[in-house]
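Structure first, commentary second.
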Amino acid sequence: MALEDAKTQVDQAFTRDSLRGLSFENAFGGATSFLRRRYTKDLTGVDVAVTGIPFDQAVTHRPGARFGPRAIREASTLQAFDPPYGWGFDPLSVMNVVDYGDIAFDYAAVRDVPARIEAHLGTILDAGAAPVTLGGDHFVTLPILRAVAARRGPVALIQFDAHSDTWVDDDPDRIDHGTFLYKAIREGLVDPAASVAVGIRTDNPDTMGVTILDAPSVHQGGVEATLARIRDIVGDRPCYLTFDIDALDPAFAPGTGTPVWGGLASWQAAALLRGLAGLDLIGGDVVEVSPSYDATGATAIAGAHVAMELIALLGWGRR
């Protein structure tokens, strides 16, 4: 296929006849599934299922991450024509990747949402697919980890973020984007000794044993030294990767609920993600994209690239 196929290809989210391969419909038209993958609830033979969780409950400053999945999908139409640059292979040609759509939930029954997210992700995992989730505020990672740990036991966690999210929260009924990791560790979902948080630049009195590679250390020590530390900490453990878009400096991603200056540049995040190739990644998410605060669309573009990198990491062993 090539660009001339745009004159006949349209709505590949519904009309494509294969779960593999690139798409060449016009970026400005058609149904905007992630990377023009087929929208389907049939997970038979699927390797990677991209799914959206359009949920935000009470972020620190600016709500709107519920619109993140929609914005990321739209931004991804710019990436559907070519393999991700620099990887040396096309993950969409070596794996069956689908857009599993969004989770359904009653917005007026907030207490029911965690269990619904866990069940939604459980369906993907039980089908043998790896999840790549588009959030949503960072709370959504907690029920995702519950689904993962129920099947794989405690996992290593790689967290890109401005905040460590281990503030004390012992109320099991609270739904809070800033305490997901505190609860995940307390529940035994994550092994803190094998976990690392990258890009942190806010104080927290207790990081619960998670190694912090803060933003200044990345800037001063460089990408390769940071990657060496991550690999040493995670080792060969199965790991899950969560990427809060505010890991990036607001200059690169202003559309988030809790922007903090001094963060990672987009080139640093790209190099760090790519340098994780070969780790035993079992899934990942990108969260807290709030498009209404970024008229340029740069934040959603960054989110779409993070999700694409997650897919490439999951396909590394199949190249």
Legend entry - salt bridge (Lys or Arg N to Asp or Glu O under 4.0 Å) between K183 and D176, intermediate numbers included: CA-CA 10 Å; K183 290 185 175 179; D176 191 319; over 6 Å; no
Legend entry - N/O donor-acceptor pair under 3.5 Å between R231 side chain and G275 backbone: yes
Inset, instruction - Working to the nearest 0.5 Å, report the span between OG of S164 and CG of N204. - result: 3.5 Å
Inset, instruction - Could you tell me which residues satisfy ring pair (Phe, Tyr, Trp, His ring centres under 6.0 Å) with Y39, sequence neighbours excluded, listed by chain and number? - result: F14
Legend entry - R319 (side chain) donor-acceptor with P91 (main chain) under 3.5 angstrom: no
Inset, instruction - Determine, stepwise, if the pair R274 / E309 fulfils side-chain contact (heavy atoms from CB on, under 4.5 Å). - result: CA-CA 7 Å; R274 190 146 310 183; E309 295 296 290; 2.9 Å; yes
Legend entry - Min side-chain heavy-atom separation I117-I144 under 4.5 Å: yes
Legend entry - More than 12 heavy atoms from other groups under 6.0 Å of CD on E118: yes
Legend entry - Same cluster (ILVMFWY, side-chain, under 4.5 Å), I185 and L213: no
Inset, instruction - May I ask you to check whether over 12 heavy atoms, not counting those of D171, lie within 6.0 Å of atom CG? - result: yes
Inset, instruction - Mind checking side-chain hydrogen bond (donor to acceptor under 3.5 Å, both in side chains) for S18 and listing every partner two or more places apart, or none if nothing turns up? - result: none
Legend entry - Validation row: V148, L189 side chains within 4.5 angstrom (heavy atoms): no
Inset, instruction - Ignoring hydrogens and angles, tell me if any N or O in the side chain of T51 forms a donor-acceptor pair with the backbone of G101 under 3.5 Å. - result: yes
Inset, instruction - Indicate, with yes or no, if L121 and F105 share a hydrophobic cluster defined by side-chain heavy-atom contacts under 4.5 Å among Ile, Leu, Val, Met, Phe, Trp and Tyr. - result: yes
Inset, instruction - Assess whether side-chain contact (heavy atoms from CB on, under 4.5 Å) is satisfied between D126 and R151, documenting all intermediate values. - result: CA-CA 8 Å; D126 288 342; R151 292 153 179 84; 2.7 Å; yes
Legend entry - Same apolar cluster: L35 and W87, side chain cutoff 4.5 Å: yes
Legend entry - Electrostatic pair D106:R116 at N-O distance under 4.0 angstrom: no
Inset, instruction - Please report the C-alpha distance between D42 and T44 in whole Å, then the side-chain angles of each, then the deciding distance to 0.1 Å, and finally whether the side-chain hydrogen bond (donor to acceptor under 3.5 Å, both in side chains) criterion is met. - result: CA-CA 6 Å; D42 182 1; T44 304; 2.7 Å; yes
Legend entry - From CG (D56) to CZ (R66), nearest 0.5 Å: 4.0 Å
Inset, instruction - Would you check, one step at a time, whether the test side-chain contact (heavy atoms from CB on, under 4.5 Å) holds for D47 with R318? - result: CA-CA 11 Å; D47 299 305; R318 301 171 185 255; 3.4 Å; yes
Inset, instruction - Give the minimum heavy-atom separation between S195 and V210, together with the two atoms involved. - result: O-CG1, 3.7 Å
Inset, instruction - Taking all heavy atoms of I72 and all of V286, pick out the closest pair and write down the distance. - result: CD1-CG1, 4.1 Å
Inset, instruction - Starting from the C-alpha separation in whole Å, work towards a yes-or-no answer on side-chain contact (heavy atoms from CB on, under 4.5 Å) for V50 and L134. - result: CA-CA 7 Å; V50 179; L134 315 176; 4.0 Å; yes
Inset, instruction - Starting from the C-alpha separation in whole Å, work towards a yes-or-no answer on side-chain hydrogen bond (donor to acceptor under 3.5 Å, both in side chains) for S33 and D99. - result: CA-CA 6 Å; S33 63; D99 192 323; 4.8 Å; no
Legend entry - Check: D249 side chain, A251 main-chain N or O, donor-acceptor pair, under 3.5 Å: yes
Legend entry - Under 3.5 Å: donor-acceptor pair, side chain of E25, backbone of Q12: yes
Inset, instruction - Report the distance from atom OG1 of T133 to atom NE2 of H120, rounding to the nearest 0.5 Å. - result: 7.0 Å
Inset, instruction - With rounding to the nearest 0.5 Å, note down the distance linking CG in L313 to CG in L281. - result: 6.0 Å
Inset, instruction - Give a yes or no on whether I282 and L241 share a hydrophobic cluster (residues Ile, Leu, Val, Met, Phe, Trp, Tyr; joining criterion: side-chain heavy atoms under 4.5 Å apart). - result: no
Inset, instruction - Take atom CG of D170 as the centre, draw a 6.0 Å sphere, and report whether it contains more than 12 heavy atoms from other residues, nucleotides or ligands. - result: yes
Inset, instruction - Could you check if a side-chain atom of S290 sits within less than 4.5 angstrom of a side-chain atom of R62, using non-hydrogen atoms only? - result: no
Legend entry - Euclidean distance, I200 CD1 relative to Q159 CD, rounded to 0.5 Å: 5.0 Å
Inset, instruction - Answer whether the closest heavy-atom distance between the side chains of D102 and R73 falls below 4.5 Å. - result: yes
Inset, instruction - Say whether, by atom type as modelled, one donor and one acceptor occur between the side chain of T202 and the main chain of A162 under 3.5 angstrom. - result: yes
Legend entry - Note, F34 side chain near P69 side chain (heavy atom, < 4.5 Å): no
Legend entry - Closest contact, heavy atoms only, L248 versus A302: CD1-CB, 3.8 Å
Legend entry - T256 vs Y293 side-chain heavy atoms within contact, under 4.5 Å: no
Inset, instruction - Give the minimum heavy-atom separation between W316 and G278, together with the two atoms involved. - result: CD1-N, 3.5 Å
Legend entry - I233 CD1 to L157 CG distance, which is reported to the nearest 0.5 Å: 11.5 Å
Legend entry - side-chain hydrogen bond (donor to acceptor under 3.5 Å, both in side chains), paired with S23, selected from R38, R16, Q9: R16
Inset, instruction - Report the relative orientation of the aromatic rings in H138 and F180; use parallel for angles under 30°, tilted for 30 to 60°, perpendicular for over 60°. - result: parallel
Inset, instruction - Look at the side chain of R201 and the backbone N and O of A247, then say whether any donor-acceptor pair between them is shorter than 3.5 Å. - result: yes
Legend entry - Exam field: side chain R36 to backbone A31, donor-acceptor pair closer than 3.5 Å: yes
Inset, instruction - Take the angle between the ring planes of F243 and F160 and call it parallel below 30°, perpendicular above 60°, tilted in between. - result: parallel
Inset, instruction - If the plane angle is over 60° it's perpendicular, under 30° parallel, otherwise tilted; pick one for H163 and W167. - result: tilted
Legend entry - Exam field: side chain D169 to backbone Y182, donor-acceptor pair closer than 3.5 Å: no
Legend entry - Exam field: side chain R111 to backbone I175, donor-acceptor pair closer than 3.5 Å: no
Inset, instruction - Check whether V260 and L272 end up in the same hydrophobic cluster, where Ile, Leu, Val, Met, Phe, Trp and Tyr are linked by side-chain heavy atoms less than 4.5 Å apart. - result: no
Legend entry - Minimum-distance pair of heavy atoms, taken over all atoms of R152 and V155: CB-CG1, 4.4 Å
Inset, instruction - Taking all non-hydrogen atoms of both residues into account, name the closest pair between G30 and D11 and its distance. - result: CA-OD1, 3.2 Å
Inset, instruction - Answer whether the closest heavy-atom distance between the side chains of I158 and L279 falls below 4.5 Å. - result: yes
Inset, instruction - Considering only NZ, NE, NH1 and NH2 on the basic side and carboxylate oxygens on the acidic side, decide whether D90 and R20 come within less than 4.0 Å. - result: no
Inset, instruction - State, yes or no, whether a side-chain contact exists between Y240 and D285 at a heavy-atom distance under 4.5 Å. - result: yes
